[in-house]
Amino acid sequence: LEQQNHFRNEHGIKAVGRHIPAALKDFAELSDRYNVQSAMMDTMVKCGYNDPTPVQRQALPCMLEDRQILACAPTGSGKTAAFLLPILHTLGAPQGGPRALILCPTRELAAQIHREALRLSASTQLRCSVLRSIKMSKIKEREATFRKSDIVISTPNRLCYLLNQDAVNITLEKIRWLIIDEADKLFEGSADQESDFRQQLDQIMGACGHKQRRVAMFSATHTPAVAKWCRHNMRGLINITVGQRNA
Ligand code: ADP
Ligand code: MG
């Protein structure tokens with residue numbers, strides 16, 4: 001334990017919670033500890049990922065052990081791969097019907113996450129899609145894409161708009177991982193329970209009915225509204241903070 005704390009300190013990682021999995025010494029540990037396939041390890045090397053970033057060192061083992069996390073780490077510190085790798089590993093083979101849902105504040109970010117997901121999923125058969133603009137003429141197309149994706153990336157607006165169409169038959173019941181990226185931005189100005197995002201999040205959480213649904217939040221800054229929501233809604237929460245807490 002003492003050694004773990006020392007190791008975390010060396011990497012500027014703070015982790016608070018119960019039974020926190022040991023931080024990763026290197027990517028090779030992913031295959032030793034979690035049986036991550038060598039093809040996935042090769043992909044990471046091809047992407048130029050030689051060493052895990054601090055947030056990856058702590059978030060990867062947590063998510064691979066099915067733990068719910070709130071991870072705060074600066075912009076550019078590799079948060080995307082920190083959630084994509086565990087999702088890609090734990091979903092395994094494609095099944096049809098999304099089992100991971102990634103929410104983020106803007107279309108541009110959704111496209112960025114999608115690009116990273118396409119790179120990292122190269123060795124898998126998993127299908128990853130972004131929910132694109134919903135015009136009435138496209139709605140059946142969007143529904144079909146959604147239904148055959150394993151991983152869906154969307155803004156909360158678009159997802160809720162699609163969910164609320166009577167003519168659209170989609171379900172979030174198979175969702176195992178709900179990722180909320182840039183949580184600080186999504187929660188911004190939503191301190192009161194009536195905000196659009198709060199309502200959307202309630203609807204989405206309510207629709208993610210799987211017994212083993214897990215939530216993981218990622219954020220560049222520590223935000224009290226986010227921390228509070230996590231405390232209230234995420235059992236066994238682990239708080240991971242890297243670098244400065246610029247609240
Ligand atoms: P954040 O979401 O924390 O702002 P990103 O996930 O967008 O950061 O990552 C920033 C950049 O770092 C991306 O180009 C990504 O491909 C790269 N990256 C992620 N993890 C690693 C790693 N372990 N080693 C090298 N580069 C990495
Ligand atoms: Mg990011």
Side-chain angles (χ1 to χ4, degrees), residues 7-8 10-15 21-34 36-64 69-89 100-124 128 130-131 151-156 177-188 197 215-223 226 230 238-247:
F7 182 76
R8 288 194 185 105
E10 273 183 336
H11 291 277
I13 303 165
K14 201 179 134 204
L24 281 186
K25 299 259 189 287
D26 50 42
F27 278 132
E29 256 191 277
L30 289 176
S31 61
D32 303 341
R33 277 165 67 182
Y34 303 109
V36 172
Q37 291 184 349
S38 58
M40 179 62 79
M41 308 293 288
D42 293 345
T43 301
M44 288 157 63
V45 173
K46 274 186 208 144
C47 288
Y49 297 5
N50 296 315
D51 266 315
T53 66
V55 67
Q56 290 167 358
R57 287 182 196 274
Q58 191 60 70
L60 291 171
C62 288
M63 287 182 67
L64 287 164
I69 59 172
L70 165 57
C72 299
T75 301
S77 65
K79 292 189 288 296
T80 318
F83 58 77
L84 286 175
L85 285 167
I87 289 173
L88 293 168
H89 175 69
L101 174 62
I102 300 163
L103 298 177
C104 63
T106 67
R107 285 170 279 164
E108 291 70 24
L109 270 163
Q112 270 177 39
I113 295 167
H114 190 223
R115 277 198 297 277
E116 182 109 355
L118 290 179
R119 285 208 298 165
L120 289 174
S121 66
S123 71
T124 77
C128 181
V130 179
L131 189 53
I151 302 166
V152 170
I153 307 161
S154 180
T155 62
W177 277 110
L178 172 60
I179 309 295
I180 302 174
D181 193 22
E182 308 242 348
D184 47 355
K185 300 271 166 45
L186 283 168
F187 274 80
E188 216 166 66
F197 173 66
V215 181
M217 290 249 191
F218 290 81
S219 176
T221 62
H222 177 86
T223 311
V226 175
C230 292
I238 297 173
N239 278 284
I240 301 168
T241 310
V242 169
Q244 273 178 323
R245 283 177 57 142
N246 37 354

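In listed order, ligands and their atoms are each counted from 1.
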Measure from every N or O atom of ligand 1 to the protein's N or O atoms and keep only the pairs below 3.5 Å, writing each with atom names and distance to 0.1 Å.
| residue | atom | partner | partner atom | Å |
| --- | --- | --- | --- | --- |
| ligand 1 | 3 (O) | Ser77 | N | 3.1 |
| ligand 1 | 3 (O) | Gly78 | N | 3.2 |
| ligand 1 | 3 (O) | Lys79 | N | 3.0 |
| ligand 1 | 3 (O) | Lys79 | NZ | 2.8 |
| ligand 1 | 4 (O) | Gly76 | N | 2.6 |
| ligand 1 | 6 (O) | Lys79 | N | 3.4 |
| ligand 1 | 6 (O) | Thr80 | N | 3.0 |
| ligand 1 | 6 (O) | Thr80 | OG1 | 2.6 |
| ligand 1 | 8 (O) | Gly78 | N | 3.2 |
| ligand 1 | 16 (O) | Tyr49 | OH | 2.8 |
| ligand 1 | 16 (O) | Glu116 | OE1 | 3.4 |
| ligand 1 | 16 (O) | Arg119 | NH2 | 3.2 |
| ligand 1 | 20 (N) | Gln56 | NE2 | 2.8 |
| ligand 1 | 23 (N) | Asp51 | O | 2.9 |
| ligand 1 | 23 (N) | Gln56 | OE1 | 3.0 |

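Annotation: Lys25, atom NZ; neighbour count of heavy atoms from other residues, nucleotides and ligands within 6.0 Å is above 12. Heavy atoms from other residues, nucleotides or ligands lying under 6.0 Å from CD of Glu116 number more than 12.
Each salt bridge (Lys or Arg N to Asp or Glu O under 4.0 Å) pair with one or both residues in residues 71-81, not counting sequence neighbours, would appear here, but there are none.
Looking only at side-chain heavy atoms (C-beta outward), Arg57 and His11 come within less than 4.5 Å of each other.
Applying the side-chain contact (heavy atoms from CB on, under 4.5 Å) test to Ser121 and every residue at least two apart in sequence or in another chain returns Leu88, Thr124. The salt bridge (Lys or Arg N to Asp or Glu O under 4.0 Å) check on Arg115 picks up nothing, with sequence neighbours excluded.
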